[in-house]
Amino acid sequence: MSPTPPARRRRLGLPRRVFSQVLLMQLTIAAGVAVLATGLFLAPLSHQLDDQAMRRALAIAETTAQNPQVVRDLQNTAPSVDGPVQKEAERIRKATHAEYIVVMDTRGTRWSHTDPKQIGGPVSTSPKEALAGREVMEIDTGTLGRSARGKVPLYGSGHRVIGAVSVGIAYESVRARLIAAIPGLLAYAGGALAVGALAAWLISRRVQRQTRDLAFSDIAALLAEREAMLHGIREGVVALDRGDRIRLLNDEARRLLGIGDEALGRSLDEALGEGRTADVLAGRVTGTDLLTVRGQRVLVANRMPTDDGGAVATLRDRTELEQLGRELDSTRGLIDALRAQDHEHANRMHTLLGLLELEMYDDAVDFVGEVVGDHRVTAEQVTEKIQDPLLAALLVGKATVAAERGVALWVSDRTLLPDRLVDPRGLVTILGNLVDNALDAVAATPHARVEVELRAGGRTAVLRVRDTGPGIPPDQRDMIFTEGWSTKKPPAHGKRGIGLSLVRRLAERQGGSVSVGEAPGGGAEFTVVLPEALAEAELQPALTAAGSTSTSALTATATATATATATEEESR
């Protein structure tokens, strides 16, 4: 058996808990204040009692000195135990409860005293000041012990000093008054200390609840861990107070929101500007995993209220996730397009082979020309009306995908868009999402058709996408632009309800708008208006109709790569 480990010796010192330390400190402060206040009160009280005793002795002495009988007897009689001066002095002493009243002549000889044996003898303390005509107040020790004394001169006829009167108040009575006042003072001090202790306990209990009964070392460790965690995680964290003012930002939040330390202490609207991002972080838009666009980034935000009335919001960069999802969708779309084209190509090759085997050479030539011409005509029609290469390639690719799905994708005759786009990639994202939604809406419907119209007026670009699908009910036309709203099953890499929301965000970011209505003949019609989508027109036309060389090059590349390009640009 292993030996029993020795018991650990408990070290004395301050308690670890914040509650205990705060309570101990407050009790110490309250007790110290009570002791200090008691001492500061007792010191002047003792001095005040001494002064009162001396003034009382002086007043008795002055009263005795003003007695004409004492003056007359001092001048006409000799000092004796039964003399009139002794009798009058004793009468006054008993009436005033003084310790002694001594009447003396100019030689310092006592004419009266509490102890009759002292009559006729010299006084124990010097009477020079009183005999010189000055009043004296002092605390001194004489034959009867320590006393508070008052001495006054005794005047005869002609205002001549003929003696002096000394009165003493027993100092023990003064000390007794001081001691008698101490219990009451201590009672008040104890009551104040009790109230202070109760207040200290209540405050400490509140501190205990607010600090979760942690030790100071635990709080310091938590703060250090919080700083390390906030600045180490790859999610943005924004802490807000009850007034929606920013009180904390980690490094990732600064990067995602594009703000710095100057935003601390400011409201969200001041720091971020009015918009959806501020509304989401402030809780004016409720929900989980809310999407918002900040600059070139798509962010996912969640907000959690705190006990103090504030909140903590987390931000995730959805751009990278969307990029991975787009790459997956792009790969799947390219595979489907290649599979469909391979199937179509095989059918055409079988048809061509049959025509050649039947020696129908003219028909074979016409068939090949028709197939090649269809693709060329489609590309030429697009490039004549849409001079931006990205948008043209997107529509050529979408036309190929639509044909494989049995949908006719038309470019309106009123379409005319010059190559002056300020943000062609943004317009590609908007057009790609709208066309994809239209293709999904008309899939598996008879006479499916999607029409695209792009027009420019000054610097304003207007985009319309119409379809022959079931359309959008009027009561749902405001909901379709909400994040997460969709009638389709979510994909494996994310969730639906992002495309139309991004269309609206991108349009609003460029100062434009997006709306949905009913297309002529049924179906849905989406309209996007971008007031500053085009750059200023030059003095001379910058672009002419596309030449045969550029058209042929675009036709050759668009068919093979447009599907991947369009899918890759979606939701960017």
Over all heavy atoms of both residues, which pair between [X] and [Y] is shortest? Give the atoms and the distance, please.
X	Y	answer
Lys151	Ser126	NZ-O, 3.5 Å
Val103	Leu154	CG1-CD2, 4.2 Å
Leu74	Val85	N-CG2, 3.9 Å
Arg93	Tyr100	CD-CA, 3.7 Å

Flag side-chain contact, heavy atom, 4.5 Å: Leu534 against Val422: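 Of all side-chain heavy-atom pairs linking Val422 with Leu534, none is under 4.5 Å.
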Student check: side-chain heavy atoms of Val152 and Leu58 closer than 4.5 Å: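 They are in side-chain contact.
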May I ask you to check whether over 12 heavy atoms, not counting those of [X], lie within 6.0 Å of atom [atom1]?
X	atom1	value
Arg242	CZ	no
Glu262	CD	yes
Arg55	CZ	no

Presence of salt bridge, [Y] and [X], under 4.0 angstrom:
X	Y	value
Asp261	Arg254	yes
Lys117	Asp115	no
Asp244	Arg303	yes

Distance, nearest 0.5 Å, that separates NE2 of His113 from CD1 of Ile119: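 Those atoms lie 8.5 Å apart.
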Rounded distance [0.5 Å steps], CG in Asp279 versus CG in Asp269: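 One finds 7.0 Å between CG of Asp279 and CG of Asp269.
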Working for side chain to side chain contact (heavy atoms under 4.5 Å, CB included), residues Glu88 and Arg91: CA-CA 5 Å; Glu88 184 65 17; Arg91 183 188 68 79; 2.4 Å; yes
Candidate pair Ile430 and Val428, rule side chain to side chain contact (heavy atoms under 4.5 Å, CB included), full reasoning: CA-CA 5 Å; Ile430 294 174; Val428 164; over 6 Å; no
